[in-house]
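In what follows, every heavy atom counts, from backbone to side chain, and hydrogens, waters and symmetry copies are set aside.
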Amino acid sequence: RAEALGATAVIALATLPVSLTECPPSPSLELEKVFGAVSYDASSGRVSTAITLSVSNVGSADLEQLQLSDDLVASFGAGSDVEVLSVTATGGLTPNPSYTGAVPNALLLSGADTLAAGAQASVTLTVDFAVQLPAGTECPVTVTYENAARAEALGATAVIALATLP
């Protein structure tokens with residue numbers, strides 16, 4: 001910028017084209033959620049099922065500080081008495097031993113895991129919960145639950161997977 005007494009200021013603008021032959025590595029993730037077979041005990045009014053969360057690194061960089069979360073109480077109801085019977089993981093993921101399926105313990109992983117570019121891993125949890133029917137509900141009846149899980153990692157956009165339990 002040049003200025004002189006009584007002169008008009010002038011700005012010069014230039015563009016710099018940069019051709020990239022390769023893009024820098026970037027993390028990207030996908031999440032899929034599937035319910036397993038459902039078992040219902042009419043005498044106790046409780047349902048048991050397995051839930052599998054499969055996470056894939058579809059990016060070109062490792063996913064660091066990978067975390068999965070699933071708030072089961074939000075899906076099955078506050079009075080559902082959700083009980084997490086087991087949590088197992090594959091692909092080098094480390095389950096969070098404090099996971100209960102309810103906030104503040106709805107994080108499934110330790111938070112220190114890394115998932116390599118192109119890799120896939122999964123977490124399977126077996127849960128048991130009480131079915132809550134409105135007063136006066138006549139059976140047989142089908143109760144449907146929608147459940148959402150979230151996956152996130154350092155530098156990657158968080159994703160949510162929905163599944164329906166018929």
Report task. Look up atom CG in Leu107 and atom CG in Leu109, then write down how far apart they are to the nearest 0.5 Å. Result -> 8.5 Å

**Report entry** Partners meeting side chain to side chain contact (heavy atoms under 4.5 Å, CB included) with Thr142 (sequence neighbours left out)
**Finding:** Thr144

Query raised in the report: Can you find a side-chain donor-acceptor pair between Ser48 and Asp128 that sits under 3.5 Å?
Result: yes

Query - From Leu63 atom CG to Leu29 atom CG, the distance as rounded to the nearest 0.5 Å - result: 5.0 Å

Report task. Mind checking the CG-OG spacing from Asn96 to Ser69? Nearest 0.5 Å is all I need. Result -> 11.5 Å

Requested in this report: Please assess Val127 against Leu85 for the test side-chain contact (heavy atoms from CB on, under 4.5 Å), listing each intermediate value before the final yes or no.
Outcome: CA-CA 5 Å; Val127 300; Leu85 304 175; over 6 Å; no

Report task. Apply side chain to side chain donor-acceptor pair (under 3.5 Å) to Ser39 and list each qualifying residue two or more places apart in sequence or on a separate chain. Result -> none

**Report entry** Contact list for residues 104-128, test ring-ring contact (aromatic ring centres under 6.0 Å, His included), sequence neighbours left out
**Finding:** none

Query raised in the report: So, do Pro95 and Leu125 sit near enough that their side-chain heavy atoms are less than 4.5 Å apart?
Result: no

Query - Ile160-Leu68 co-clustered via ILVMFWY side chain contacts under 4.5 Å - result: no

**Report entry** Non-hydrogen atoms of Pro17 and Thr15 that approach each other most closely
**Finding:** CD-O, 3.7 Å

Report task. Give every residue pair that meets the ring-ring contact (aromatic ring centres under 6.0 Å, His included) criterion with at least one member in residues 113-137, sequence neighbours excluded. Result -> Phe76-Phe129, Phe129-Tyr145

Query raised in the report: Sub-3.5 Å donor-acceptor pair from the side chain of Glu146 to the main-chain atoms of Ala163, do we have one?
Result: no

**Report entry** Backbone of Gly59 reached by a side-chain donor or acceptor of Asn57 within 3.5 Å
**Finding:** yes

Listing, residues 148-159 side-chain donor-acceptor contacts under 3.5 Å, not counting sequence neighbours, or none:
| residue | atom | partner | partner atom | Å |
| --- | --- | --- | --- | --- |
| Arg150 | NE | Glu152 | OE2 | 3.3 |

Query - Sequence neighbours excluded, every pair satisfying side-chain hydrogen bond (donor to acceptor under 3.5 Å, both in side chains) that has a member inside residues 110-126 - result: Thr52-Thr124, Ser86-Thr126, Thr90-Ser122, Thr94-Asp113

Requested in this report: Could you give me the CA-CA distance, side-chain angles and deciding distance for Val38 and Leu165, then say whether side-chain contact (heavy atoms from CB on, under 4.5 Å) is met?
Outcome: CA-CA 8 Å; Val38 175; Leu165 176 65; 3.2 Å; yes

**Report entry** All pairs passing salt bridge (Lys or Arg N to Asp or Glu O under 4.0 Å) where residues 154-166 contributes a residue, at least two apart
**Finding:** none

Query raised in the report: Can you name the closest pair of heavy atoms from Thr49 and Ala37 and give their distance?
Result: OG1-O, 3.2 Å

Query - salt bridge (Lys or Arg N to Asp or Glu O under 4.0 Å) contacts in which one or both residues fall within residues 116-126, not counting sequence neighbours - result: none

Query raised in the report: Linking I/L/V/M/F/W/Y whenever any side-chain heavy atoms sit under 4.5 Å apart, do Val143 and Leu72 land together?
Result: yes

Report summary line: So salt bridge (Lys or Arg N to Asp or Glu O under 4.0 Å) across residues 86-106, not counting sequence neighbours, yields none

Query - ring-ring contact (aromatic ring centres under 6.0 Å, His included) contacts touching residues 77-116 (sequence neighbours left out) - result: none

Query raised in the report: In Å, rounded to the nearest 0.5 Å, how long is the span from CG of Leu93 to CG of Leu115?
Result: 6.5 Å

Query - Ala117 to Asp62 - nearest heavy-atom pair and separation - result: N-OD1, 3.1 Å

**Report entry** salt bridge (Lys or Arg N to Asp or Glu O under 4.0 Å) pairs, two or more places apart, involving residues 71-100
**Finding:** Arg46-Asp81

Query raised in the report: How long is the gap from CG on Asp70 to CD1 on Ile51, to the nearest 0.5 Å?
Result: 5.5 Å

Query raised in the report: According to the ring-ring contact (aromatic ring centres under 6.0 Å, His included) rule, which pairs have a member within residues 13-42, sequence neighbours left out?
Result: none

